[in-house]
Amino acid sequence: MAGTSNNMEQFLSCVDCKQYFDDDLHAPHVLPCLHTCCTKCLKSRITKDEVQCPECREKFEASNGDVSSFPVDTARKHIVDCYRIQKTNAEYFCDECGGSSKKERATSRCKECDEFLCTKCTDAHQRTKLTRRHQLVSLEKLKTSPLEEFHNKQTCAIEGHEGQLFSFYCVSKSCAKPVCSVCVVRDHQQNGHEVRDINDIYVENKRLVEGQLLDIKHMKTSVDEAIGQTEDEIQNLYLKESSVDEEVDACFSMCMKTLEKRKEELKEKLASVSQKKKKDLDGQLDRLTKQKGQLDQACKFTDDNLQYSNAAEFLLMKDQILNRMSNLKGQPVEVIPHTSADVKFQAMNMGDDFAHYCQNLGNIWTTSASLPNTRVQVLDIVVGKEQSPLLITLKDENGRPLTEAGLDIKAEVINSKNQKTPALVLDKARSQGCYKVVFTAPRPGEYRALVRVMGMLLEPDGYEFKAKRQEDMGSEASLADLSPNERSDGGTSENNTHEMKYGPNEIEKLNLQALGTSRTNPMSPKYKGIGDIICPDINLDHLAVHPQNEVLEDMKTMNNQKSRHRPPRNLSQAFQNFRGTIANRSLGRTGQYYFEVSVSFFVKRSLRQDLIFEIGLCRKPDVDKHYTIDNHPFSYVVCARKCHICQTICLQGWSNGQRFYHSPITENSPPGTSFKTTYGFLFESRQRQWVVVDAKNRKFILRFKNIDMNKPLWPVFGLYNPDLVNSSLTVRSGKDISTILEVPFDF
């Protein structure tokens, strides 16, 4: 409870002077960074037409010392009153007795005037003709009243409109403000402005801000994880530095005075390497900490504003909030530490004749390899033959290939019975630009390799490959074969001119050629194969479809218009929330799968931010939890909806509740707009990605990466708003697929 009280105190007081906000000198101005500063403190901080936030030190323009450009959070005053009366038992004095020498204690509050009144002024307020109908609430009752009792009614201040409530909102660009009914009749309707109910605008914009807030919270989670990883790496760097320092001392203590000079040289180099890494990591940590502070403030302010503001107050603040969120979302998150803490001492040339090699003894080793950029290429191998199923190419943080030797890379192979076998890793970094995992498969089947680089697991699920008989390999390229100089004990001749020498780019090209020449065409009644890609036969579940929609008899087509001639069906298995249906099968956790969906729609009535169709992958138990699936934590969705940014219909990509892609698919969206196309969907389980293409125009659209495959994923299809749009989708799969657009391996 103490923590909650402290948070509320911070929310209701100026970040600079710590005084409670009011509607006078301490009016709460919200800066673009979403910190709140009172009028008095804000004016005192203006220098050279700039004001600096006292909390985060960001600077903002304040032309001619004017602070009116920073909006006032009018809800804050009422929340202060509520908090102080109910939580602190603060005393309030009469606002009407301001001219007297001694103020009387207030006993009630007028909602219309937003004033506290003593007993005498309360009686006068009730007798006066202009105020006798005002609603007065006693302070005793306010101690247990909800926050709504402290909000005064938002009325129009235009002369002649006094007392008129803000019931409407003018959405025209020249206005964009709450208006009363008199304003609507006298001014806005005559000028052709678009006026809507203020509560409708409030609900729409509240949903918009909540969606942005969800994105910011996800981004904040990524920053928190990045800070934790960076702090751990800094700590590991200190530990590794200390360990290497001790190792250097132990080795050189045996070499007496001859090695003292060399020892100091190595320690200086160690300090230099460590200092540079610490400087880089400290800088990254500082930036992440600052970014977290900005995100924390954005989340805190927005949560508070959503919770405590009424409609007019919220709408006054929504542009400020959205601008800040847009700025924050544009900032990249440095998720991975820029450099690693791997520093070790390499004891070289420490034999009896060390005095002759003193100048070159030892070295301080580190690496520029970035583990997230490490590339692992997988090849199938022949049973009983020593081959390389995995080729590991190191890259730096900018994606440039490295030829660094000496990295600690370990691998183990797991068979179908979950039995583990250590695999040898050959260091071919200098000669071939990669490390090779060597394995001899005892029998045909599927295998999985776990790879650890510097103790860190590259892929939790491992890398799957197959062991085949020689006759089944066909004309497959032999990159997996070891050259005569690559022995199983790791011994190689770096200077041998007959050794295979391929750089990382050549290895990738040969690998793709191998995949291209090894394709077969398996056929069965349930699926069609095109090369290594399976086209499963997918139907729509007619029993699960929401009552709003209809699946036709072919089990391939769904409309958002119910047929009047079909007999009623049993709705016990139908979705109650999700406006669509699910496929008759999930996609496998191994292999590549492809299907297509043809979609068409016709706009009947004006759209706002309405959803039209949705195609995605989702866990089956989660599908019917909500109206849509785009906000599920393990969903991957392509959808079309009216976009408030582009003011047209856009195709959007959603992953784990976050929108990461949108692109217009129509030029505009008035009634009469029609659209028809076919999308292709390629699910790549090995790379854990889902690729979306324009199958009609043969173009790449977008790619979902790092798909969570711990549980099966089911294709899901939704159609929405039948009162606004006529829409239909048809699944094309199995033998209906003739060609597949080739997608770049590393687009």
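Values below: every heavy atom of this structure, side chains too, minus hydrogens, waters and symmetry copies.
Contact of the Q592 side chain with the S685 side chain is not registered, since no non-hydrogen atoms from C-beta on lie closer than 4.5 Å. Looking only at side-chain heavy atoms (C-beta outward), L295 and M219 come within less than 4.5 Å of each other. Inter-residue side-chain proximity for V413 and F465 is flagged as met; some heavy-atom pair is nearer than 4.5 Å. Side-chain contact between K705 and Q687: absent, with no pair of heavy atoms (C-beta onward) separated by less than 4.5 Å. F439 is listed as a side-chain neighbour of I381, based on a closest heavy-atom distance under 4.5 Å. Using a 4.5 Å heavy-atom threshold, the side chains of L322 and R324 count as separate. Considering only heavy atoms from C-beta on, R703 stays 4.5 Å or farther from V692 through its side chain. Between L391 and V376, every side-chain heavy-atom pair lies at or beyond the 4.5 Å cut-off.
A side-chain N or O of T730 and one of T557 form a donor-acceptor pair less than 3.5 Å apart. A donor atom on one side chain and an acceptor atom on the other are found under 3.5 Å apart for T367 and E404. Side-chain atoms of T673 and T666 form no donor-acceptor pair, as typed in the model, at a separation below 3.5 Å. Side-chain contact check for E614 and Y720: at least one donor-acceptor pair (N or O, by modelled atom type) lies under 3.5 Å. Side-chain polar atoms of T648 and N668 form no donor-acceptor pair below 3.5 angstrom. The closest side-chain donor-acceptor pair between N398 and D396, if any, does not fall under 3.5 angstrom.
Contact record, F634 with L713: O-CD2, 4.1 Å, taken as the closest heavy-atom pair. The shortest non-hydrogen separation linking S727 to F601 is CB-CB, 3.8 Å. Heavy-atom minimum distance, N549 versus N560: OD1-CA, 3.2 Å. Of all the heavy atoms in I740 and C535, the pair that sits closest is CD1-SG, 4.1 Å. For Y594 against T739, the heavy-atom pair with the smallest separation is CE2-O, 4.4 Å. In this structure, L328 and A298 approach most closely via the heavy-atom pair CD1-CB, 3.5 Å.
In this structure, K329 places its NZ atom where more than 12 heavy-atom neighbours from other residues, nucleotides or ligands lie under 6.0 Å away. The environment of E194 atom CD is sparse: at most 12 non-hydrogen atoms of other residues, nucleotides or ligands sit within 6.0 angstrom.
Using a cutoff of 4.0 Å between basic side-chain nitrogens and carboxylate oxygens, R619 and D708 are scored as salt-bridged. For K642 and D610, the salt-bridge test fails: no basic side-chain N is under 4.0 Å from an acidic carboxylate O.
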Does the pair F575 and I582 meet the rule for a side-chain contact (heavy atoms from CB on, under 4.5 Å), with working shown?
-> CA-CA 9 Å; F575 289 143; I582 195 169; 4.2 Å; yes
Would N584 and L540 count as a side-chain contact (heavy atoms from CB on, under 4.5 Å) if you check the C-alpha gap in whole Å, the side-chain angles of each, and the deciding distance to 0.1 Å?
-> CA-CA 6 Å; N584 63 329; L540 303 177; over 6 Å; no
Run the ring-ring contact (aromatic ring centres under 6.0 Å, His included) check on F675 and F602 step by step: do they pass?
-> CA-CA 7 Å; F675 176 80; F602 175 80; over 10 Å; no
Start with the C-alpha gap between C434 and I392, add the side-chain angles, then the distance that decides, and say whether side-chain contact (heavy atoms from CB on, under 4.5 Å) holds.
-> CA-CA 5 Å; C434 67; I392 304 169; 5.8 Å; no
side-chain hydrogen bond (donor to acceptor under 3.5 Å, both in side chains) assessment of S733 paired with K556 = CA-CA 9 Å; S733 61; K556 299 289 187 181; 3.1 Å; yes
Might you work through the side-chain contact (heavy atoms from CB on, under 4.5 Å) test for Q576 and D624, ending with a clear yes or no?
-> CA-CA 7 Å; Q576 302 301 311; D624 199 35; 3.9 Å; yes
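Proximity of a side-chain donor or acceptor of R452 to a complementary backbone N or O of A411 within less than 3.5 Å is not detected. A donor-acceptor pair is defined here as one N or O able to donate and one able to accept, closer than 3.5 Å; no such pair exists between the side chain of D380 and the backbone of A467. Here the side chain of D736 pairs no donor or acceptor atom with the backbone of R732 at under 3.5 angstrom. Looking only at distances, a side-chain donor or acceptor of N327 sits under 3.5 Å from a matching main-chain atom of N323. Side-chain atoms of Y435 come within 3.5 Å of backbone atoms of L407 as a donor-acceptor pair (strictly under, hydrogens ignored). Put simply, the side chain of Q284 gets close to the backbone of E334: a donor and an acceptor are under 3.5 Å apart. Checked by atom type and distance alone, the side chain of Q291 pairs as donor or acceptor with a backbone atom of P332 at under 3.5 Å. R579 contributes a side-chain N or O that, together with a main-chain N or O of N577, makes up a donor-acceptor pair within less than 3.5 Å. The closest donor-acceptor contact from the side chain of E464 to the backbone of Y447 lies at 3.5 Å or more, if one exists at all. Looking at H626, its side chain never comes within 3.5 Å of a backbone N or O of T628 through a donor-acceptor pair.
In this structure, F681 and W690 have parallel ring planes: the angle between them is below the 30° cut-off, well short of the 60° mark. Taking the six-membered ring where the residue is Trp, F613 and Y679 present tilted rings, their angle falling between 30° and 60°.
Within the model, atoms CZ of R400 and CG of L394 stand 14.0 Å from one another, a figure rounded to the nearest 0.5 Å. One distance of note links OG of S368 with CG of L402; it measures 6.0 Å at 0.5 Å rounding. For the atom pair CD of Q212 and OG of S326, the computed distance is 7.5 Å after rounding to the nearest 0.5 Å. Taking CG of L719 as the reference point, atom OG1 of T581 lies at 10.5 Å (rounded to 0.5 Å). Atom OG1 of residue T677 and atom CG of residue D694 lie 4.5 Å apart, to the nearest 0.5 angstrom. Between the CG atom of D541 and the NZ atom of K620 there is a distance of 7.0 Å, given to the nearest 0.5 Å.
Among pairs with a residue in residues 625-639, those fulfilling salt bridge (Lys or Arg N to Asp or Glu O under 4.0 Å) read D622-K625, D630-R641, at least two apart in sequence or across chains.
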